[in-house]
Amino acid sequence: MAKRLLIRDLTLRDGQQSQFATRMTQNQVDRVLPFYKSAHFYAMEVWGGAVPDSVMRFLGENPWTRLESIRDGVAGSSKLTALSRGRNLFGYNPYPDSVIEGFCRNSVESGIDIMRIFDALNDIDNMKSTIRFVKESGGMTDCAVCFTVDPKFTFGDRAGAFFKGKKIPGTLFGIPYFVRKAKEMAAAGADMITIKDMAGLVEPAMSARLIKALKSEVGIPIDLHTHCTPGYGVASVLLAMVNGVDIVDTVIMNFSGGPAAPAFEIVQLFADRLGIDTGVDLAAVAGINRELRGIRGELAQFDQYKVLPPEIDLTSYEPSPELASLLDGAVEAAVAGRTDEALRLCQGIEAAFNYPEPNEIVKRAQIPGGMYTNMMAQLKEYKLEQHVEEVLQIVPQVRLDAGVPPLVTPTSQIVGAQAVNCIVDKSQGKPFYTNVSKNFIELVKGSYGRTPFPIAPAFREKIAGVREETPYDTSTYKKQDNPELADCGGLRLAKNEKEALLLELFPSVADKFLKTVRQAEWAAAEAERVAGLPPEPEEAPSRYPAKFWEEELTSAIEA
């Protein structure tokens, strides 16, 4: 067991995205930065994911300003990290190298120290260009292996597939798969490896075996990133700690739990009992947590749970006897390898801190919570909510047909939407795959990369019109227009490379945002110009009363 554990704080990116729809304003971020400057987390995830889109779309703020303000506020006391989807960056289709290079270089220039790079298919080829450009810009690369589980098939499913000549794989996503992917990423230039468990599906026993295997076979730091949705998060982090994980991802207590990551405070209580040093200033964390409590109240309309955890300040905190017993028992069970007992006790700890109860649907169906929510929204649109169980039952088949992609954004949404489409087809008396989305076609075609399991050529031809895997051709990429705005005195929509990148990555959102910015700049410049002009001479009084002009105007309109 390591005696030092590094902490990556996710509060300002993944935490607020998971809990509050990424609605923290610049003012709210600014209020916690002085405390973060003193906290000395190893790293802080502050950018990427939904942040750039949301701050423009909903808050009318500049994403680059958000990043640079955090850089200046933290002043190097923690490394700043961002999330990038490899060649896809923030979208579905791969971007040409020119866009990827510009994004990586400007991100590092604006404050990013570590770029966490992942690909929804765990296709290393989709990550290599980002790895190269980040390192050329002076940044570190954190390559993430997306954790997923094998689709569940009944005996009847397997028998039916056999008689139809279909092949159902055995174990795809076992320990050897994740170790192999981690080694490939290390060979490609990764400075560290993250197991990215976006759905919270890493069970404690799997966490223990996986971290142990990675630590023995991969020679760079290992980070565990998980969520609490199905109730495994706290226990899985504890099992990772006792098996030598180098870094864990946490969120400050008031933003933790449920769809978010485990709380730093709980991890620190475990670390204290294990004799592990995190190097974090606990008084500063208490300051962050107090400020976040008020901010959570300000974000109440986006808070789906609205149940606050008890207030906690680790500089003076004494757990109740009941909680102390749970903490001690969980640590003892984890060290002894009794993972089921550790899970039971950790879920008691979560309850003590008012975490939401485990999401049983996510646990049973083994899908991300966001995927389930989106499928339900689709079903409601078609007035087919009563078919939700049927949709969940065919997700494994749709996933198998599509090459068994990991269920992470965007593949989770593509598979989920297609499963709903199949049930809609059935409800209309049509065969499955009568209605297919553009994104499902591109996934099956090969546009998004190589899937973990081969797609049947006949199925690919049926869906995409080609039998062979066909990569996306970035040579046909067309840059977004950057027009002169006639109503803003001819100002360009994007006035620098950073704004041009926003147009490339978020075309419709950035177009609207930048037009608003340019209009405000033009109005301010005009007001300043007019203020600097000599006063106009007073007009001679009109020989006609105001009523005359009103009558003349009325007559003209009526004519």
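The structure presented is a predicted model; accordingly, all values stated were derived computationally and were not measured.
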Under 3.5 Å: donor-acceptor pair, side chain of [X], backbone of [Y]:
| X | Y | value |
| --- | --- | --- |
| Asn243 | Leu239 | yes |
| Gln366 | Ala199 | no |
| Thr411 | Leu407 | no |
| Asp150 | Phe173 | yes |
| Gln17 | Ala50 | yes |
| Thr373 | Gly369 | yes |
| Asn354 | Leu308 | yes |
| Asp246 | Ile222 | yes |
| Lys306 | Asp303 | yes |

Side chain to side chain contact (heavy atoms under 4.5 Å, CB included) assessment of Met375 paired with Val388: CA-CA 8 Å; Met375 289 192 300; Val388 61; over 6 Å; no

Reported [atom1]-to-[atom2] distance for the pair [X] and [Y], which is rounded to 0.5 angstrom:
| X | Y | atom1 | atom2 | result |
| --- | --- | --- | --- | --- |
| Ile266 | Leu327 | CD1 | CG | 8.0 Å |
| Gln386 | Ser427 | CD | OG | 9.0 Å |
| Thr194 | Leu214 | OG1 | CG | 10.5 Å |
| Ser236 | Leu224 | OG | CG | 7.0 Å |
| Glu45 | Arg8 | CD | CZ | 6.5 Å |
| Ile423 | Gln393 | CD1 | CD | 8.5 Å |

Should [X] and [Y] count as an ion pair when the cut-off is N to O under 4.0 Å?
| X | Y | value |
| --- | --- | --- |
| Lys426 | Glu390 | yes |
| Lys380 | Glu385 | no |
| Arg344 | Asp340 | no |
| Arg85 | Asp119 | no |
| Asp125 | Arg450 | no |
| Asp142 | Arg116 | yes |
| Glu217 | Lys183 | yes |
| Glu389 | Arg364 | yes |

Does the side chain of [X] pick up a donor-acceptor pair with the side chain of [Y] at under 3.5 Å?
| X | Y | answer |
| --- | --- | --- |
| Tyr448 | Asn439 | yes |
| Asn374 | Gln378 | no |
| Gln428 | Tyr382 | no |
| Gln16 | Arg23 | no |
| Asn254 | Arg293 | yes |
| Asn421 | Tyr433 | no |

Within the 6.0 Å centroid threshold, strictly below: Phe103 and Tyr95: no

Centroid-centroid distance, Phe506 to Phe513, less than 6.0 Å: no

Is it the case that atom [atom1] in [X] sees more than 12 heavy atoms from other parts of the structure closer than 6.0 Å?
| X | atom1 | value |
| --- | --- | --- |
| Lys383 | NZ | no |
| Lys363 | NZ | yes |
| Glu468 | CD | no |

Ignoring hydrogens, what is the shortest heavy-atom contact between [X] and [Y]? Give both atom names and the distance.
| X | Y | result |
| --- | --- | --- |
| Asp473 | Ser475 | OD1-OG, 2.6 Å |
| Val436 | Gln418 | CA-OE1, 3.4 Å |
| Ala402 | Pro405 | O-CD, 3.7 Å |
| Tyr355 | Cys228 | CE2-SG, 4.0 Å |
| Trp47 | Ser107 | CZ3-OG, 3.5 Å |
| Ala240 | Ile211 | CB-CG1, 3.8 Å |

Answer whether the closest heavy-atom distance between the side chains of [X] and [Y] falls below 4.5 Å.
| X | Y | answer |
| --- | --- | --- |
| Ile455 | Glu469 | no |
| Ile414 | Glu442 | no |
| Val145 | Ile193 | yes |
| Thr339 | Glu203 | no |
| Leu400 | Pro169 | yes |
| Val415 | Val395 | yes |
| Val267 | Val237 | yes |
| Phe270 | Ile349 | yes |

Test log, rule side chain to side chain contact (heavy atoms under 4.5 Å, CB included), inputs Leu10 and Thr250: CA-CA 6 Å; Leu10 309 176; Thr250 65; over 6 Å; no

Audit row: Ser54, Arg66, side-chain hydrogen bond (donor to acceptor under 3.5 Å, both in side chains) steps and yes/no: CA-CA 11 Å; Ser54 292; Arg66 170 69 60 94; over 6 Å; no

Qualifying residue, where the test is side-chain contact (heavy atoms from CB on, under 4.5 Å) with Phe118 and the options are Met198, His225, Lys196: Lys196

Partner of Phe20 under ring-ring contact (aromatic ring centres under 6.0 Å, His included), chosen from Phe302, Phe255, Tyr305: Phe255

Side chain to side chain contact (heavy atoms under 4.5 Å, CB included) between Val466 and Lys445, intermediate numbers included: CA-CA 7 Å; Val466 295; Lys445 185 178 181 181; 4.0 Å; yes

Stepwise side-chain hydrogen bond (donor to acceptor under 3.5 Å, both in side chains) check, Glu504 with Tyr477: CA-CA 11 Å; Glu504 295 300 321; Tyr477 181 81; 2.3 Å; yes

Evaluation steps, side chain to side chain contact (heavy atoms under 4.5 Å, CB included), between Thr226 and Phe147: CA-CA 9 Å; Thr226 190; Phe147 182 85; over 6 Å; no

